[in-house]
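Working notes, beginning with the structure itself.
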Amino acid sequence: MQAKAPRGTFDVMPGEIFKWHHIEKTIKETAEIFGYSEIRTPIFEHTELFERGVGDTTDIVSKEMYTFKDRSNRSLTLRPENTASCVRAFIEHSVAGGILPAKWYYLGPMFRYDRPQAGRYRQFHQFGVEAFGSNNPQLDAEIISLLLQILTKLGLQDYELHLNSVGCPQCREVYRKQLVGYIGPFKDQLCADCLARYEKNPLRVLDCKVPSCQEAIAGFPYIYDYLCADCLEHYSKLRNTLDDNQIDYVHDNQLVRGLDYYTNTAFEVHIPQIGAQSAIGGGGRYNGLVKACGGPNIPGIGFAMGLERLLLALESLDDQQYKDHKLDVFLAVMDGKYEAQSVKILTQLRQAGIKADKDYNGRSGKAQMKYADKLGARGVILLGEDEMRRNIYTLRNMDSKEQIEVPADHLIDAIKKFLI
RNA sequence: GUGGGUGUAGCUCAGUUGGCUAGAGCACCAGAUUGUGGCUCUGGGGGCCGUGGGUUCGAGUCCCAUCAUCCACCCCA
């Protein structure tokens with residue numbers, strides 16, 4: 001039995017949790033300003049949901065899922081992402097029969113069996129949004145804008161937005177056939193990975209980083225050159241909307257997302273400083289997904305954002321601004337015979353909503369002062385022989401060192417006036 | 001799944017060509033005259049030297065394996 005969290009997982013200890021609270025709060029507030037409501041789906045789902053919803057040729061499904069059998073021999077899988085679950089919930093609860101678009105957000109842990117490295121964990125956390133029931137490119141722009149606004153609110157400036165369109169099944173099929181024809185003669189120049197991509201998902205050969213592959217495919221057309229009239233219009237409307245709203249982006253012909261269900265808009269936001277895993281968020285349109293999962297023919301769009309990566313990017317920022325005094329007052333008991341009395345006072349303070357604590361380890365008076373200081377107390381209440389006899393308390397302000405005596409009956413008011 | 005780096009106290013690290021009871025700083029605890037914090041000084045607790053083998057009179061130091069961790073590939077958040 002070793003005390004060690006499993007590989008690729010980690011604890012967020014109490015001293016660090018304020019960072020998480022801060023980004024979670026910012027994220028939720030922003031999503032709600034944009035009109036998105038939280039949805040919580042199960043941490044595990046039927047394995048089949050991910051196989052169909054994510055695509056069984058993807059790396060995620062083919063080699064990264066935590067899949068297990070339950071006691072009734074059902075095959076279940078810890079969610080590797082949350083879009084498939086949202087689609088399932090959308091269908092299961094017949095949301096399409098209500099007001100559309102349905103605008104949802106989620107926040108929670110995801111699981112992928114990957115080799116850990118900077119910004120990549122086996123249990124990691126994503127924030128994401130999904131909007132079902134509109135194909136309006138303004139909605140694509142809204143989603144991108146939401147993602148960027150969160151980054152801005154958190155104080156992150158140095159991000160890059162990459163944008164592309166992967167077309168619809170019709171124009172992509174035309175392009176795919178052309179591309180296969182182009183690549184065919186150069187097959188022997190491709191790396192082993194690209195040879196596999198050539199068979200399964202030839203578009204992905206385009207963003208291979210192996211130099212020999214890049215040489216082999218140099219000059220080949222991109223999907224952009226094959227977009228049909230509708231897809232091209234969708235893409236230019238999106239770009240116009242972004243331009244109108246001063247959102248900078250880079251058109252990236254090589255941005256081809258790994259998940260099978262994407263149509264039209266694809267985007268990624270990178271923060272290069274955080275390492276090789278620099279994609280802090282990414283997403284796109286998935287107009288065929290709801291139908292593919294057995295629902296009505298309803299379009300959708302969404303993105304996901306990695307919270308650990310967000311934290312990495314935020315690490316350079318000043319921590320202090322998020323920290324607060326942990327305690328309003330510390331109750332220092334200078335004489336052991338008043339221990340019982342101190343517990344009663346503590347109870348009153350806490351009932352009055354004052355953040356208060358005391359020593360439980362028999363510290364001396366001096367040590368209690370040190371302890372109060374380390375706990376970040378604004379003030380200390382001194383309780384000893386003198387105070388008990390005169391029915392008062394001594395109140396010390398830890399910042400100003402000022403000390404006053406207050407009648408026992410007025411303790412709560414005095415604390416609020418003197419310290420808070 | 002592949003490659004490289006690293007594993008010594010809670011944390012950051014020293015530890016000379018293998019050789020006495022394994023060290024420092026920070027952190028923690030206790031003192032520095034009687035009921036008072038941050039600075040300073042003094043003292044103290046705490047180490048299967050990642051784990052398991054091997055070489056040797058002798059291994060923290062060398063060799064092998066294994067695990068973990070970090071970084072990169074891959075993929076992605």
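Computed from heavy atoms alone, side chains included, the values below leave out hydrogens, waters and symmetry copies. Chain identifiers are assigned alphabetically (A, B, ...) following the order of the sequence lines, protein sequences preceding nucleic acid strands; residue numbering begins at 1 within each chain.
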Check every atom of [options] against the side chain of [X] and return the nucleotide holding the closest atom.
X: A/Ser364; options: B/rG31, B/rC29, B/rC73; answer: B/rG31
X: A/Ala118; options: B/rA68, B/rA72, B/rG37; answer: B/rA72
X: A/Lys370; options: B/rG37, B/rA68, B/rA72; answer: B/rG37
X: A/Met334; options: B/rC74, B/rG35, B/rC28; answer: B/rG35
X: A/Lys401; options: B/rU69, B/rG38, B/rC74; answer: B/rG38
X: A/Arg309; options: B/rA72, B/rA77, B/rU36; answer: B/rA77
X: A/Gln126; options: B/rC73, B/rA77, B/rA30; answer: B/rA77
X: A/Lys366; options: B/rU2, B/rA32, B/rC74; answer: B/rA32
X: A/Met369; options: B/rA77, B/rU36, B/rU69; answer: B/rU36

Rounding to the closest angstrom, what is the interatomic distance between [N] and [M] at atom [atom1]?
N: B/rA30; M: B/rG37; atom1: C1'; answer: 16 Å
N: B/rU42; M: B/rA24; atom1: P; answer: 13 Å
N: B/rC64; M: B/rC26; atom1: C1'; answer: 37 Å
N: B/rG3; M: B/rU17; atom1: P; answer: 31 Å
N: B/rC29; M: B/rC39; atom1: P; answer: 13 Å
N: B/rU2; M: B/rG23; atom1: P; answer: 42 Å
N: B/rU12; M: B/rA27; atom1: P; answer: 15 Å
N: B/rC20; M: B/rC67; atom1: P; answer: 33 Å

With no angle test and no hydrogens, is the base of [N] tied to the side chain of [X] by a donor-acceptor pair under 3.5 Å?
X: A/Glu387; N: B/rG35; value: yes
X: A/Gln117; N: B/rC74; value: yes
X: A/Arg115; N: B/rU2; value: yes

What does [X] touch in the nucleic acid at a heavy-atom separation under 4.0 angstrom: a base, only the sugar-phosphate, or nothing?
X: A/Tyr121; value: base
X: A/Gly275; value: sugar-phosphate
X: A/Leu382; value: base
X: A/Gly8; value: sugar-phosphate
X: A/Asp386; value: base

Report yes if the distance between the aromatic ring centroids of A/Tyr226 and A/Tyr175 is under 6.0 Å, otherwise no.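 Centroid separation for A/Tyr226 and A/Tyr175: below 6.0 Å.
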
To the nearest angstrom, how far is [X] atom [atom1] from [N] atom [atom2]?
X: A/Leu395; N: B/rG37; atom1: CG; atom2: C1'; answer: 15 Å
X: A/Tyr338; N: B/rG35; atom1: OH; atom2: P; answer: 13 Å
X: A/Lys4; N: B/rG7; atom1: NZ; atom2: C1'; answer: 12 Å
X: A/Ile280; N: B/rC76; atom1: CD1; atom2: P; answer: 18 Å
X: A/Arg363; N: B/rG35; atom1: CZ; atom2: C1'; answer: 17 Å
X: A/Met13; N: B/rA27; atom1: CE; atom2: P; answer: 19 Å
X: A/Asp373; N: B/rA27; atom1: CG; atom2: P; answer: 13 Å
X: A/Arg390; N: B/rG35; atom1: CZ; atom2: C1'; answer: 14 Å

Any-strand Watson-Crick or G-U partner of [N], both distances under 3.5 Å:
N: B/rG31; result: B/rC41
N: B/rU6; result: B/rA68
N: B/rG47; result: none
N: B/rU56; result: none

Would you say that more than 12 heavy atoms from the other residues, nucleotides or ligands in this model lie under 6.0 Å from the CZ of A/Arg350, or not? yes

Applying ring-ring contact (aromatic ring centres under 6.0 Å, His included), run through A/His410 and A/Phe418 and close with a yes or a no. CA-CA 12 Å; A/His410 298 107; A/Phe418 187 59; over 10 Å; no

Establish, with yes or no, whether the OP1 or OP2 oxygen of B/rU69 is under 4.0 angstrom from a side-chain nitrogen or oxygen of A/Arg7.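 Yes, such a contact exists.
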
Quick check: on RNA chain B, is the nucleotide nearest A/Thr394 upstream (toward 5') of the one nearest A/Gly362, or the reverse? Name the residue that is more 5'. A/Gly362

For A/Gln403 and A/Ile274, find the nucleotide of RNA chain B closest to each by heavy atoms; which residue's nucleotide sits nearer the 5' end? A/Gln403

Distance-only donor-acceptor check, side chains A/Gln123 and A/Thr9, under 3.5 Å: no

Look at the rings of A/Phe111 and A/Tyr66 and say which category their plane angle falls in: under 30° parallel, 30 to 60° tilted, over 60° perpendicular. perpendicular

Parallel, tilted or perpendicular: rings of A/Tyr105 and A/Phe127 (30°, 60°):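 Because their plane-to-plane angle lies in the 30° to 60° range, the rings of A/Phe127 and A/Tyr105 count as tilted.
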
Hey, does A/Lys337 have a side-chain heavy atom less than 4.5 Å from the side chain of A/Met388? no

pair A/Lys237-A/Asp140: side-chain heavy atoms closer than 4.5 Å: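 Not in contact.
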
Ring-base stacking, A/Phe124 with B/rA77 (5.5 Å, 30° cut-offs): yes

Counting only N and O atoms by type, is there a donor-acceptor contact under 3.5 Å from the side chain of A/Arg112 to the main-chain atoms of A/Pro80?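 Pair found, side chain donor or acceptor close to backbone of A/Pro80.
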
